[in-house]
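Data block below; observations after.
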Amino acid sequence: MPELPEVEVVRRGLERWVAGRTIRQVEVHHPRAVRRHLEGAEHFVAALTGRTLTAAHRRGKYLWLPLAEPDGAPSGRALVAHLGMSGQLLVEKPAEPDEVHLRARFRFTDGGRELRFVDQRTFGGLAVEEAPGDGLPARLAHIATDPLDPGFDVDAFSAALRRRHTEVKRALLDQTLIGGVGNIYADESLWRARLHGARSTDKLTRAQVSDLLEGVRDVLGESLAQGGTSFDSLYVDVNGQSGYFSRHLAVYGQVDRPCPRCGTPIRRESFMNRSSYSCPQCQPRPRARSVR
């Protein structure tokens, strides 16, 4: 599933190619694309037609684009998008052939490039939601700010993390604690901090929390600079271009390959119906607590 860097790359593309443009026509090609819009597809189309997309924002792995009325006044609503596992928001010339898995299309009054929502597995979705004052839609309010956000509170995060009684990797994936981090970047960040994902959060020292946060920020920033991580053709920016951070992954998906730091073969372990990757030497598994 796309994580913070991949979604941020898409946001930047939407800011460049879509923000400030007025929607002339909306087509919904598959009902699942707008299943989160509870009023239905016809209401979705009506809510967007004639409105202007004023900006492109992100919270965690969600995108939202505030809407302006035809007279330019803020509408108090926004187009909210989640890419799911395979969703793509593509900016295409109108003459380009439709994609096989095209789910929705947005045409603009300027007649230029159109916005297409393409989703092979149909786990992503679009909706128009209330966003008072061009602010954050209520459904996204529970998602914590991410570590690249200027408003991220380091002290509050550190205190909240150490109060938890859970495994550190589970905490990193908790979007109410820290936004935007998924399985890939959790593993990469833990490797950089030399921590095994099963370490208990309440046992972490302040120095370990600091190292972990530094690792999270570094790996997210480096991935963002590379356009994100693309394992297949599904993870692309608005122009259909893949990211290249997969070439720089230290542990994720690298089972049996040598650790870039010490040369020990990378191990794979089961984790929440997924996989975790780590170095046995650099990230020793914590000892099991004795039972009395």
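Please read these numbers as outputs of a predicted model, since none were measured by experiment.
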[X] and [Y]: which non-hydrogen atoms are nearest, and at how many Å?
X	Y	value
Arg105	Leu102	NH2-CD2, 3.6 Å
Ser75	Glu69	CB-OE2, 3.5 Å
Leu126	Ala104	CD1-CB, 4.1 Å
Ala171	Leu161	CB-CD1, 3.5 Å
Thr264	Cys279	CB-SG, 4.0 Å
Gly111	Pro94	O-CG, 4.2 Å

TODO: Show the numbers, then the answer: is there a side-chain contact (heavy atoms from CB on, under 4.5 Å) between Arg21 and Thr109?
DONE: CA-CA 8 Å; Arg21 300 175 69 193; Thr109 56; over 6 Å; no
Open item on the list: Going by side-chain hydrogen bond (donor to acceptor under 3.5 Å, both in side chains), name the pairs with one or both residues in residues 171-184, residues two or more places apart or in two chains.
Closed with: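 Output for this query lists Arg164-Asp174, Lys169-Asn183, Asp174-Thr176.
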- [ ] Dump the intermediate steps for salt bridge (Lys or Arg N to Asp or Glu O under 4.0 Å) on Glu269 and Arg285, then the final yes or no.
- [x] CA-CA 11 Å; Glu269 299 173 286; Arg285 172 175 278 279; 2.8 Å; yes
Nearest 0.5 Å, what's the [atom1]-[atom2] distance between [X] and [Y]?
X	Y	atom1	atom2	result
Leu79	Ile23	CG	CD1	6.5 Å
Leu190	Cys282	CG	SG	12.5 Å
Tyr277	Asp187	OH	CG	8.5 Å
Tyr252	Ser276	OH	OG	9.0 Å
Leu220	Glu188	CG	CD	10.5 Å
Phe106	Arg116	CZ	CZ	12.5 Å

TODO: State plainly whether the residues Arg170 and Glu167 are in salt-bridge range, i.e. N to O under 4.0 Å.
DONE: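 A salt bridge is present here (some side-chain N lies under 4.0 Å from a carboxylate O).
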Task: SB check Glu129 Arg77 (cutoff 4.0 Å) - done: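 Salt bridge flag = no for Arg77 with Glu129.
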May I ask you to test the [X]-[Y] pair for a side-chain heavy-atom distance under 4.5 Å?
X	Y	result
Arg139	Arg36	yes
Asp146	Glu8	no
Phe117	Gln88	no
Leu63	Leu14	yes
Thr122	Arg103	yes
Tyr185	Leu173	no
Leu224	Arg12	yes
Arg206	Val209	no

Ignoring hydrogens and angles, tell me if any N or O in the side chain of [X] forms a donor-acceptor pair with the backbone of [Y] under 3.5 Å.
X	Y	result
Gln208	Thr205	yes
Arg217	Gly215	no
His196	Gln283	no
Asp119	Phe123	yes
Thr54	Pro66	yes

Task: Those residues that, when tested against Phe152, pass ring pair (Phe, Tyr, Trp, His ring centres under 6.0 Å) (two or more places apart) - done: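 Scan of Phe152 (ring pair (Phe, Tyr, Trp, His ring centres under 6.0 Å), adjacent residues dropped) gives Phe157.
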Open item on the list: So, using ring pair (Phe, Tyr, Trp, His ring centres under 6.0 Å) as the criterion, who are the partners of Phe108 when residues are at least two apart?
Closed with: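 With neighbours one apart ignored, the set is empty.
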Open item on the list: Under a plain distance cut-off of 3.5 Å, with no hydrogens placed, do Thr201 and Thr166 share a side-chain donor-acceptor pair?
Closed with: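 The criterion, which ignores hydrogens and geometry beyond distance, is not satisfied for Thr201 and Thr166.
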Task: Donor + acceptor pair across side chains of Arg267, Ser278 (<3.5 Å) - done: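 Yes, because at least one side-chain N or O of Arg267 sits under 3.5 Å from a partner of the opposite role on Ser278.
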Transitively linked via ILVMFWY side-chain contacts under 4.5 Å: [X] with [Y]?
X	Y	value
Ile178	Phe271	no
Leu177	Leu148	yes
Met272	Leu195	no

TODO: Let me see the working for Val45 and Val28 under side-chain contact (heavy atoms from CB on, under 4.5 Å), right down to the final yes or no.
DONE: CA-CA 8 Å; Val45 171; Val28 176; 4.0 Å; yes
Give a yes or no on this: more than 12 heavy atoms of other residues, nucleotides or ligands lie within 6.0 Å of atom [atom1] of [X].
X	atom1	answer
Asp71	CG	yes
Glu96	CD	yes
Arg35	CZ	yes

TODO: Go through Leu172 and Leu212 one step at a time and tell me if the side-chain contact (heavy atoms from CB on, under 4.5 Å) criterion holds.
DONE: CA-CA 10 Å; Leu172 286 178; Leu212 177 59; 4.1 Å; yes
- [ ] Please assess Arg192 against Glu214 for the test side-chain contact (heavy atoms from CB on, under 4.5 Å), listing each intermediate value before the final yes or no.
- [x] CA-CA 9 Å; Arg192 294 189 182 211; Glu214 181 181 359; over 6 Å; no
- [ ] Let me see the working for Glu92 and Arg113 under salt bridge (Lys or Arg N to Asp or Glu O under 4.0 Å), right down to the final yes or no.
- [x] CA-CA 5 Å; Glu92 298 278 15; Arg113 293 174 183 258; 5.6 Å; no
Open item on the list: Could you check whether Arg11 makes a cation-pi contact with Trp64, meaning its NZ or CZ is under 6.0 Å from the centre of the six-membered ring and within 45° of the ring axis?
Closed with: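 No, a cation-pi geometry is absent between Arg11 and Trp64.
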Task: Verdict with supporting geometry, Arg107 and Glu27, salt bridge (Lys or Arg N to Asp or Glu O under 4.0 Å) - done: CA-CA 9 Å; Arg107 293 190 172 99; Glu27 298 173 0; 2.5 Å; yes
